[in-house]
Amino acid sequence: MQVEKLEKTVPEVVQKLSKLKAGETLAAELTWCWGSFKNDNNPVGLIEKSEQALTLFKEAREQNSRSVSKKLVESLEKALN
């Protein structure tokens with residue numbers, strides 16, 4: 001996990017999740033996990049929710065390639081690796 005890349009990517013991911021009907025709850029959870037990570041540096045929840053977001057984005061892209069940008073998906077993948 002690359003914290004610097006996540007700092008740039010998480011706000012974009014949360015914004016996109018908020019726009020997707022299936023991702024509203026996940027957006028709130030990811031926001032909470034990001035705040036928690038900043039306080040305690042424990043990445044477990046952040047990684048879990050980011051991976052869930054990545055899965056949701058990939059599913060959304062399969063249905064409609066314009067729903068989530070390829071760049072956002074790639075950025076999130078790189079930040080998690």
Side-chain angles (χ1 to χ4, degrees):
M1 181 179 83
Q2 299 178 8
V3 177
E4 300 83 23
K5 289 186 179 182
L6 271 178
E7 279 187 54
K8 294 178 182 176
T9 307
V10 166
E12 292 178 50
V13 169
V14 169
Q15 184 179 24
K16 182 52 79 173
L17 284 171
S18 297
K19 291 180 181 178
L20 295 175
K21 291 180 182 178
E24 292 172 343
T25 303
L26 185 55
E29 292 171 349
L30 186 59
T31 301
W32 186 89
C33 288
W34 178 246
S36 176
F37 172 72
K38 285 183 174 180
N39 290 325
D40 63 13
N41 289 324
N42 184 350
V44 175
L46 180 62
I47 292 170
E48 180 183 328
K49 296 303 175 185
S50 295
E51 288 174 348
Q52 288 177 7
L54 185 60
T55 301
L56 185 68
F57 287 168
K58 287 181 178 180
E59 289 172 1
R61 279 190 58 79
E62 285 178 15
Q63 294 174 2
N64 180 0
S65 63
R66 291 183 170 197
S67 62
V68 179
S69 73
K70 183 178 178 182
K71 182 180 176 186
L72 181 59
V73 172
E74 289 173 349
S75 295
L76 186 55
E77 286 177 331
K78 287 179 184 177
L80 288 171
N81 291 330

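Side chains included, hydrogens not; waters and symmetry mates left out as well; all remaining heavy atoms used. Source: prediction; values computed, not measured.
Cluster annotation: V3 is connected to L72 through the hydrophobic network of ILVMFWY side chains, with a link wherever side-chain heavy atoms come within less than 4.5 Å.
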Between side-chain atoms of residues 43-60 and protein atoms elsewhere (two or more places apart, or another chain), which donor-acceptor pairs fall under 3.5 Å?
unit_1 : atom_1 : unit_2 : atom_2 : d
K49    : NZ     : E29    : OE1    : 3.0
S50    : OG     : L46    : O      : 2.8
T55    : OG1    : E51    : O      : 3.0
K58    : NZ     : E77    : OE2    : 2.9

Could you list the donor-acceptor pairs under 3.5 angstrom formed by side chains in residues 10-19, with sequence neighbours left out?
unit_1 : atom_1 : unit_2 : atom_2 : d
K16    : NZ     : S67    : O      : 3.1
S18    : OG     : V14    : O      : 2.9

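Applying the salt bridge (charged side-chain N to carboxylate O under 4.0 Å, His left out) test to every pair with at least one member in residues 33-47, sequence neighbours left out, gives no pairs at all.
The distance from the CH2 atom of W34 to the OG1 atom of T9 is 9.0 Å, given to the nearest 0.5 Å. The distance from the CG atom of L26 to the OG1 atom of T31 is 9.0 Å, given to the nearest 0.5 Å.
Formation of a donor-acceptor pair under 3.5 Å by the S36 side chain with backbone atoms of W32 is not found in this model.
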